[in-house]
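Side chains are part of it too, since the values below use all heavy atoms of this structure and drop only hydrogens, waters and symmetry mates.
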Amino acid sequence: MRFSILFIVCLFTSTIMFAQADDILAKDYYKNGEYEKALHEYKNLYKKSPSNITYINQIVSAHQQLEQYKEAEAFLLKLLNRAKYPAFIVELGYNYQLQNDLENATINYNKALATIDDRPINAMSLARTFQSHSLLKEAIVSYEKAMLLKPDYNFNLQLAQLYGEQGNIEKMFISYIDFAEKNPASLSNIKRQINGFISEDGMNENNMLFRKILLKKNQQEPNLLWNTLLSWLFIQQKDFKKAFIQEKAIFNRQPESLNSIEDLADIASSENDTETAKEIYTYIIETAQDQDTLLNAQYRLLQLEIKEAVKEDYNSIKTKYLALFEEFGNFSQTLNLQISYAHFLAFYMNETAKATSFLEKTLKLPLTELQKAAVKLELGDILVLQEKFNQALIYYTQIQRNLKNSTISQEARYKVAKASYYKGDFKWAESQLKILKASTSQLTANDALELKLLITDNKYEDSLQTALKLYAKADLLAFQNRNNEAINLLDKVLNEHKTEPIIAQALYKQGQLFEGKQQFEKAATNYKSIIANYRDGILIDDALYKLAELYTKYLEQPEEAKALYEQILFNHADSIYFVEARKRFRALRGDAIN
């Protein structure tokens, strides 16, 4: 009995395997243009599975490729006698069209469309078949007719894609919007689809059309969906003030959460629209009901103020921190504020002793291990600021020991390596960086790889490692907010070590520091030097992208920027900047569709 069952199973399995092999063979013949062989194989497969639509379609297509239109017609008519499948009527019409018999083609197309009157669900198979032959008008008619007969049908998503293929952008936008209105859960997908047809340019024709449609919808039938999509559109255009207006309108009608407004503030901040970000954070502070949201907004607002501050502003910022501690207290909920206050004291006001004392008190609060690690990370940074590297290593090592394999532990290991690098112990730094290459944190892994390459590429050039030590010192000065001194020291590297590989790195680092001081022309000169003299180096795509960004955002030279983005696209397809460069290149070129 067992033998019989095993024999049957084996026989069944073998049959399936042979069928799959025949199917693959038929596909290969067709793909390679061997249509007679493909036709023979598909006919054999069809005999075994006469209801398989794929085999039927491939037999028809193979006949047509061989210009055997009469044979294809006879085969289709025989099928239609057996089963009135409407898609076969479309195939018959297309067979006539291939013979330039447009009259019979149209008769059959209309006959197929007429079947929707009795069975609106036929629209799906008919539209797919029409679309497979690029008969977009007929595919659209199929869906529209079915929706007219059955209003509960929603083919707006399919229609939108067809309108897009047709180039009918207005109808495409309307269909996507109508689909999203009935299917709110699909909004993220709809945004992705629409994103391909708009650009960062608010004056782009498609952008203006999409905005016009949404505003009209909002006037005719107010719906928060329209505000949401308008806000999203303005964010794509980097017009954060207008997006904020829409987000406030949404919040006024649904005041459950400030999450979207918080996200908008963070985006505006990351895009350096500091004025709007400050305005949004101030609104959150005035509006928030829960303490966490309020404290986060206060924290973010202070970071923006510090970023823009000059020395004369420091006492005012310090007073704001102290006022917040007076109002909310020093406890775990204000931990981010406490850490940022200590950082401000140390790195901006040069009050390292006060900063350290403040954080040591913070450590005595009832904190989780993760919170303690965040405080110790800052204490370590303050010690590095003072060039007390060995003491800093104690804090970093404690984090690694107490929170093994966590993201903050990996960050601490990176800081151990960086501290060793700053003091010129390149061998130990390199050993730590090797471990971090496999970090689960992509950001830490990338930073570790970048620093390791810097050390590896330069440690053998000079037995005394003079240039690398100078560069590391300049890097430390930049960490200490002593940017002018860092720039001057990098000048020394550039002037005294002209033949060494560290020159490209020094030019790039100095360019970044010039950018921080808003000396954009000087930064551009450095990036140009890398592009001209180090075309085969690892920093070439960084320099191309940085220079293009300067031309776009600050130096008002869009054509030069476009040429640089184009170089990334053609010569650096593996660059981390590739996707963004393509987006910006197309925007500068004025593409209507991405």
Side-chain angles (χ1 to χ4, degrees), residues 187-188 191-192 194-195 198 200 202 224 227-309 317 320-321 324 328 332-341 343-344 347-348 370-371 374 377-378 407-408 411 441-444 446-447 512 515-516 545 549 552-553 576-577 579-580 583-584 587:
L187 188 58
S188 294
K191 286 177 183 176
R192 279 195 297 274
I194 291 172
N195 193 49
I198 60 172
E200 290 182 9
L224 291 183
N227 300 98
T228 301
L229 284 169
L230 279 166
S231 173
W232 173 77
L233 173 65
F234 292 135
I235 290 170
Q236 308 315 300
Q237 297 172 185
K238 301 190 188 305
D239 194 339
F240 303 114
K241 280 189 183 295
K242 287 181 180 175
F244 183 36
I245 292 168
Q246 297 302 321
E247 290 297 338
K248 280 194 290 186
I250 294 168
F251 182 75
N252 288 336
R253 287 176 61 187
Q254 282 187 352
E256 288 91 359
S257 169
L258 283 161
N259 289 347
S260 293
I261 294 179
E262 284 185 280
D263 290 343
L264 177 61
D266 292 345
I267 294 168
S269 177
S270 68
E271 290 289 341
N272 295 317
D273 187 350
T274 307
E275 182 189 343
T276 304
K278 282 183 177 179
E279 185 184 343
I280 301 171
Y281 286 129
T282 302
Y283 174 82
I284 293 169
I285 290 165
E286 293 168 351
T287 311
Q289 298 298 308
D290 68 290
Q291 198 172 80
D292 286 346
T293 302
L294 176 59
L295 287 170
N296 182 60
Q298 292 279 17
Y299 166 78
R300 299 283 187 186
L301 187 58
L302 277 166
Q303 301 315 298
L304 289 176
E305 289 183 13
I306 292 168
K307 187 178 175 182
E308 291 190 323
I317 291 171
K320 287 181 182 180
Y321 269 115
L324 287 170
F328 297 104
S332 59
Q333 277 81 352
T334 59
L335 185 65
N336 279 348
L337 277 171
Q338 291 176 61
I339 293 171
S340 70
Y341 173 59
H343 185 88
F344 175 71
F347 284 80
Y348 291 86
L370 199 61
Q371 289 172 325
L377 208 61
E378 187 61 43
T407 302
I408 199 166
E411 189 179 351
S441 165
Q442 192 60 51
L443 185 61
T444 302
N446 289 343
D447 288 344
Q512 289 178 301
E515 279 195 69
Y545 187 79
E549 291 288 279
T552 304
K553 295 178 179 178
I576 59 169
Y577 304 109
V579 173
E580 197 60 33
K583 183 178 175 183
R584 295 186 186 281

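Applying the side chain to side chain contact (heavy atoms under 4.5 Å, CB included) test to S257 and every residue at least two apart in sequence or in another chain returns N259. With sequence neighbours left out, T228 forms a side chain to side chain contact (heavy atoms under 4.5 Å, CB included) with L187, K191, I250. Every residue meeting the side chain to side chain contact (heavy atoms under 4.5 Å, CB included) condition with T276, not counting sequence neighbours, appears here in chain and number order: F240, K241, D273, I280. Residues forming a side chain to side chain contact (heavy atoms under 4.5 Å, CB included) with A288 (at least two apart in sequence, or on another chain): L258, I284, T293, L294.
Separating the CD1 atom in I317 from the CZ atom in F344 is a distance of 4.5 Å, to the nearest 0.5 Å. A distance of 11.5 Å separates CD1 of I245 from CG of N227, quoted to the nearest 0.5 Å. The structure places OG of S340 at 3.0 Å from OH of Y321, a figure rounded to the nearest 0.5 Å. The CD1 atom of I261 sits 5.0 Å away from atom OH of Y283, with the distance rounded to the nearest 0.5 Å. With values rounded to the nearest 0.5 angstrom, Q298 atom CD is found 4.5 Å from L324 atom CG. Rounding to the nearest 0.5 Å places CD1 of I198 at 7.0 Å from CD of Q237.
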Please step through salt bridge (charged side-chain N to carboxylate O under 4.0 Å, His left out) for the pair E308 and K278, ending with a clear verdict.
CA-CA 11 Å; E308 291 190 323; K278 282 183 177 179; 2.8 Å; yes
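E378 contributes no side-chain N or O that, together with a main-chain N or O of A374, makes up a donor-acceptor pair within less than 3.5 Å. A donor-acceptor pair under 3.5 Å links the side-chain atoms of Q289 to the main chain of T287, judged by distance alone.
Heavy-atom contacts from other residues, nucleotides or ligands closer than 6.0 Å to CD of E275 number 12 or fewer.
Of all the heavy atoms in A277 and A265, the pair that sits closest is CB-O, 3.8 Å. Shown here for A243 and I235, the closest heavy-atom pair between the two residues is CB-CG1, 3.8 Å.
A 4.5 Å side-chain heavy-atom check between E247 and F234 finds every atom pair outside the cut-off.
Counting only residues at least two apart or in different chains, salt bridge (charged side-chain N to carboxylate O under 4.0 Å, His left out) contacts with residues 248-269 comprise D266-R300.
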Show me, pair by pair, the donor-acceptor contacts under 3.5 angstrom made by side chains of residues 332-339, not counting sequence neighbours?
unit_1 : atom_1 : unit_2 : atom_2 : d
T334   : OG1    : G329   : O      : 3.1
T334   : OG1    : F331   : N      : 3.2
T334   : OG1    : F331   : O      : 3.0
T334   : OG1    : Q338   : NE2    : 2.9
Q338   : OE1    : T362   : OG1    : 2.9
Q338   : NE2    : F331   : O      : 2.9

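For the residue pair N195/K583, the side-chain donor-acceptor check at 3.5 Å is not satisfied.
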